[in-house]
Amino acid sequence: MQEKKKAKYIFEASWEVCNKVGGIYTVLSTRAKTLHDQIGDHLLFIGPDFWIDRENPLFKENRRLLSAWRKQAETEGLNIRVGRWQIPGEPIVVLLDFTPFYNNKNEIYAWAWQHYQVDSLHAYGDYDEASMFAYGAGKVAESYYRYFNLTADDNVVFQAHEWMTCLGALYLQQAVPQIATIFTTHATSIGRSIAGNNKPLYDYLWAYNGDQMAEELNMQSKHSIEKQTAMHVDCFTTVSDITATECRELLDKPVDAVLTNGFENDFVPQAGKTFNDARRKARRVTLNVANKLMGTQLDDSTIIISTGGRYEFKNKGIDMLIEALNRLRLDENLKHDVLVFINVPAWVKGPRIELQKRLASKQKQTLPCSDPRITHELHNQEQDMVLGQMNWLDMHNRTDERVKVIFVPCYLDGNDGIFNMHYYDLLIGNDLSIYPSYYEPWGYTPTESVAFHVPCITTDLAGFGLWVNTLCGHYSQLADGVKTIHRTDNNFTEAADEIKDTIIEFTNLTPSQLKTIRAKAAAIAEKALWQHFIENYYEAYDIALNKRDTRLLMCRNK
């Protein structure tokens, strides 16, 4: 059996390098140490520099690091800063000011059309911004390659994450064909758009034409760069089997490898006193905020549940969760108090002064705040979808109801003005988490939940849910630590009922059963560590490098 080719130099370009936006940040930042342990400072991340005039807490500049190359790159028109990403492994990061490339935007787009038929005519919004960064990222990799006199024998790989960095991979295929290219789509732009526009994605996936839908949804340029990159890079990858199916149908290109998202659990307290103390503190803070907000006296026997993620009302299943909770509060089989937090950042104005004053006081509250359902004020409170659905269903956290739902519409970064604790420091206090996603290529929120020994409910439209089903050998149940619900385009009512029934089932578990389920949840998290999933990346490097060799051979034979 032929030995796999190993990458000796790896460039990874992403909009989320030193820029904490979403799940891709978690992918890159948790995997970095595993790769850095293998190739050291031959691993370089390239990200956009949004902090030229202010401090970026995720980046520590080091002007001595690669200083000679940096000076050379500056003469080539590359405005870069070099330093270390402040994450485990502390890999080298190159932050790029891409704004100068706007001066050549038309020429760059003309080049992309000439060589790859990338349609940039319909660009709007963030397309220009992303494309200039992507092109610049390719130029950064080219500059480094040439300055250090690297060759094909150095097995250099450039990995582009999401459509925002595609142009860099395409540029390098022309400018430096000796560099092997990988494109990883974490979610196709057209698939996300179809789902976000309330069109049935899954029942009709086989019948959708990606190009036609891109035109209908005004997504031509993003879809075009994504599709052409998938067609031309050396290795096309995605993060889950469900998104691989989406790629085949909407981009007309099967993926070459699935790079399942792993993570590291070094942010989880060790089991024992430290873990238990952290859990008790989280519950104490959570219950105190709830009681001060609602004028209740909920105690530690309360079942605490949460959901979290981006504010994608349908895609993240927030609409289904609220419907399930409404049914739960009307179900006479529920015998326990249930407190649910919807931790979804919205257009927040600031913490509620009324609630802050109550939290500063040691007095017990017997009357609710003016709206006992939300912790922070919003700019668009009258148009908010979470509150709107709760209004429609007459969900107002009345004192005589067992189910209470609180909307936390801000980033839990430790400085929100109400909890003043980080998301993970509150997550550990949960009894159960619920993520009933409709569109979720992977799903880091349920992965993080089980890492903190918190069982969760997810769906089989999330990559994580499908993976857990494969792990268990069946549709995973609550007893497995993760409950995976079957979700389609047409079973909203049935899925909402199943969530409701699972919550009731959970509330009736004995302490012994709870202990077992929490242990099983943690065991699932252990199987999702990068030490298990990194092999998929090594496979992708091998595919890309071999394809690169074939390309070079064909060029020599012409």
Problem set entry | Results of side chain to side chain donor-acceptor pair (under 3.5 Å) for Asp489 - residues two or more places apart only | Tyr438
Problem set entry | Main-chain N/O of Pro100 paired to Asn103 side chain as donor or acceptor, under 3.5 Å | yes
Exercise. Any donor and acceptor pair, going by atom type alone, linking the side chain of Ser224 with main-chain N or O of Asp119 inside 3.5 Å?
Worked result: yes
Problem set entry | Side-chain donor-acceptor contact under 3.5 Å, Asp203 with Asn490 | yes
Exercise. How about Gln159 and Thr184: does a side-chain donor come under 3.5 Å of a side-chain acceptor?
Worked result: yes
Exercise. Is the NZ or CZ atom of Arg81 both under 6.0 Å from the centre of the six-membered ring of Phe59 and within 45° of that ring's axis?
Worked result: no
Problem set entry | Spatial distance of atom CG (Leu35) from atom CD1 (Ile10) [nearest 0.5 Å] | 5.0 Å
Exercise. Distance from Thr185 atom OG1 to Glu226 atom CD, nearest 0.5 Å?
Worked result: 4.0 Å
Problem set entry | Close side-chain approach of Ile108 to Met132, heavy-atom, < 4.5 Å | yes
For this session: Could you tell me whether the side chain of Leu251 reaches within less than 4.5 Å of the side chain of His223, counting heavy atoms only?
Result: yes
Problem set entry | Residues which pass side chain to side chain contact (heavy atoms under 4.5 Å, CB included) with Ser433, listed by chain and number, not counting sequence neighbours | Ser306, Leu427, Asn430, Tyr435, Ser449, Val454, Cys456
Problem set entry | Tyr145 and Phe11 aromatic centres sub-6.0 Å | no
For this session: Return the minimal non-hydrogen interatomic distance between Trp530 and Val27, and the atom names on each side.
Result: CZ2-O, 3.7 Å
Exercise. Looking at Cys166 and Ile225, what are the two nearest heavy atoms and their distance?
Worked result: CB-CG1, 3.4 Å
Exercise. Could you give all pairs that pass the salt bridge (charged side-chain N to carboxylate O under 4.0 Å, His left out) test and reach residues 183-195, with sequence neighbours left out?
Worked result: Arg192-Glu312
Exercise. Can you list every salt bridge (charged side-chain N to carboxylate O under 4.0 Å, His left out) pair that touches residues 227-244, not counting sequence neighbours?
Worked result: Asp211-Lys227, Lys227-Asp252, Asp234-Arg551
Exercise. Partners of Asp97 by salt bridge (charged side-chain N to carboxylate O under 4.0 Å, His left out), sequence neighbours excluded?
Worked result: none
Exercise. Between Glu12 and Arg31, is there a salt bridge with N-O shorter than 4.0 Å?
Worked result: yes
For this session: Determine, for Asp256 against Lys547, whether the closest basic-nitrogen to carboxylate-oxygen distance falls under 4.0 angstrom.
Result: no
For this session: For the pair Asp128 and Tyr102, evaluate side chain to side chain donor-acceptor pair (under 3.5 Å) and give the outcome as yes or no after the intermediate values.
Result: CA-CA 8 Å; Asp128 288 343; Tyr102 280 112; over 6 Å; no
Exercise. Among Tyr135, Tyr116, Phe133, Phe101, whose ring-ring contact (aromatic ring centres under 6.0 Å, His included) with Tyr171 holds?
Worked result: Tyr135
Problem set entry | Pairs involving residues 212-221, ordered by first then second residue, that meet side-chain hydrogen bond (donor to acceptor under 3.5 Å, both in side chains) (sequence neighbours left out) | Lys199-Glu216
Exercise. Parallel under 30°, tilted from 30 to 60°, perpendicular over 60°: which one fits the rings of Phe98 and Trp15?
Worked result: tilted
